[in-house]
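Below is one structure, written out as structure tokens; comments come after it.
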Amino acid sequence: MYQKREIADKVFYVGVNDRQKHLFENYLPLPHGVSYNSYLIVDEKVALLDTVDLSFSDHFISQIESLLNGRPVDFLVVHHMEPDHAGSIRLLKTRYPQMKLVGNKKTFDFLKGYFNIDADLIEVAEGDSLSLGKKKLVFYMAPMVHWPEVMVSYEPESQTLFSADAFGTFGALNGSCFDDELNLDFFWDEMRRYYACIVGKFGMPVQNALKKLSALPIKTICSLHGPVWRAQLEKVVALYDRWSRYETEPGVVIPFGSMYGNTQTLAEAVAEGVVAGGLQNVVIHNVSKTDASFILADIFKYNGLIVGSPTYMGEAYPLVDALLTKIKERGVKHHVYSCFGSYSWATGAVKRMTEFAEAMKWEVVGAPVDNKFAPTEDALQKCFQLGKEVAQACLKMKE
Ligand SMILES: Cc1cc2nc3c(=O)[nH]c(=O)nc-3n(C[C@H](O)[C@H](O)[C@H](O)COP(=O)(O)O)c2cc1C
Ligand SMILES: [Fe+2]
Ligand SMILES: [Fe+2]
């Protein structure tokens, strides 16, 4: 290997960058790519911590081989069974037939179900440890930080936490795996988008995991995606804590659907009202143009949400409807909410958007505007007023 990426004594980065895939999980855009991280501990025993997406297994295995000089891998620790990390398990087992797989009871159900592997297993539970020589790994269960079998591990000598998907982010690694050697500018937004889309539903499990891990002295966090965190440790832990409590800052997201521009005209008036109400943080998203993952990321950032939709076959516009479902699935909390719509003969969108608020147990602020035909002066004035009221409520919420 031309460069060994040494995280601590005997601990190496052996992950890969995916700059090919357009859509993570086949639906989330990857404008900056993504990394699948894996780590190798070369002690008296050799432990590999997770694998990578199968498409990158060649490069992955060659990195491992170049660090091991012919030694075999003794243990493969499986923190998470999603195929972006588990994809090369079967191949690894063929390459290193003596290798033992380390996981918990649930991991082994998945292993059997996906790969028909049920031998050479070492089962671990909360607090168990695996000795590697000088180093050891201690295991902590982190169920639902993203799947039910997820666990994390901690290496006490180097004070390194191997955190599975937690603290992960979209974005491939541009020239280094270390946060202090990378330009992190785009990672912060990508981290929030990753959180909102992948982990966003599981605020409580993330809080439980954070509480459990807060007692450990941690110098380095090795996540399964994105940079190895060592300089920005406090910041990433604080961000996860904040997002998993669904904490937001004053600002308004205005996602709208529009076929012919009428709803968009209303959206512009709403936004002007928000600014007049004292908030500069206003983001307008056309749901047909901006992928929902970016809209969700903004909803996890700001405390105001005003949704606009034309009525479409008696319902909300399909892409608006899909966005509302995604928000609901994530159990998003504490938003100052309102809505507006446009129709021609029998309205339906505003009703759907109001029912959404009821289902979320959010109060609807102001009077939702439901305009027939082209936007009237009166409707635009009401939209402006609505934006203003929402902005003021957003500012008040933070006082
Ligand atoms: C395919 C389609 C279905 C529609 N369905 C309804 C409907 O069920 N009820 C209604 O009142 N208007 C319906 N409309 C009319 C639109 O809601 C109305 O023209 C609205 O102003 C469009 O807003 P937009 O310019 O933002 O797309 C429909 C329009 C289209 C193109
Ligand atoms: Fe995952
Ligand atoms: Fe992952």
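This chain uses plain numbering: 1 for the first residue, then up along the sequence. Ligands are counted one by one from 1 in listed order, and the atoms in each one are counted from 1 as well.
Taking the six-membered ring for Trp, Y154 and F162 have ring centres at least 6.0 Å apart. Checked against the 6.0 Å centroid threshold, W147 and F110 count as a close aromatic pair.
Looking at D165 and the Fe ion (ligand 3) together, the shortest N, O or S contact belongs to OD1. Its N, O or S atom nearest to the Fe ion (ligand 2) is what matters here, and for H146 that atom is ND1.
When Y312, Y260, F256, F373 are ranked by how near their heavy atoms come to atom 1 (C) of ligand 1, first place goes to Y312. Among G314, S344, S258, the residue whose heavy atom sits closest to atom 15 (C) of ligand 1 is S344.
For atom 21 (O) of ligand 1, the closest non-hydrogen atom on the protein side is S342 OG, 2.6 Å. Here the protein heavy atom with the shortest distance to atom 30 (C) of ligand 1 is M259 CE, 3.8 Å. Closest protein heavy atom to atom 23 (O) of ligand 1: P310 CB, 3.4 Å. For atom 9 (N) of ligand 1, the closest non-hydrogen atom of the protein is A346 O, 2.9 Å. The closest protein non-hydrogen atom to atom 17 (O) of ligand 1 is T311 O, 2.7 Å.
In this structure, a donor-acceptor pair under 3.5 Å is present between the side chains of K112 and N116.
For ligand 1, the polar-atom distance check finds an N/O of G261 within less than 3.5 Å of one of the ligand's N/O atoms.
Contact atoms of ligand 1 toward M313: 3 (C), 4 (C), 5 (N), 6 (C), 7 (C), 8 (O) (distance under 4.0 Å to a heavy atom of the residue). Atoms of ligand 1 found under 4.0 Å from any heavy atom of T263 (numbered from 1 in listed order, with element): 23 (O), 24 (P), 26 (O).
Geometry at the Fe ion (ligand 3): NE2/H225 and OD2/D84 form an angle of 90°, nearest 10 degrees.
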Evaluate the ring-ring contact (aromatic ring centres under 6.0 Å, His included) criterion for residues H225 and H85: first the C-alpha distance (whole Å), next the side-chain angles of each, then the deciding distance (0.1 Å), finally the verdict. CA-CA 10 Å; H225 301 282; H85 313 294; 4.6 Å; yes
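Looking at F187, F170, W188, F186 one by one, the single match for ring pair (Phe, Tyr, Trp, His ring centres under 6.0 Å) with Y194 turns out to be F170.
Here the side chains of I299 and T248 are not in contact, with every heavy-atom distance at 4.5 Å or above.
Backbone or side-chain N, O or S atoms of H80 do not reach the Fe ion (ligand 3) at under 2.8 Å. Among the backbone and side-chain atoms of E82, no N/O/S atom is found under 2.8 Å from the Fe ion (ligand 3).
Using a cut-off of 4.0 Å between Lys/Arg side-chain N and Asp/Glu carboxylate O, D241 and R245 are scored as salt-bridged. A salt bridge does not link K351 with D370: none of the charged nitrogens is closer than 4.0 Å to a carboxylate oxygen. Salt-bridge check for E355 with R352: failed, with every basic side-chain N at 4.0 Å or more from each acidic carboxylate O.
With hydrophobic clusters built from ILVMFWY side chains whose heavy atoms lie under 4.5 angstrom apart, F256 does not share a cluster with V307.
Using a 4.0 Å heavy-atom cutoff, G348 is absent from the residues neighbouring ligand 1.
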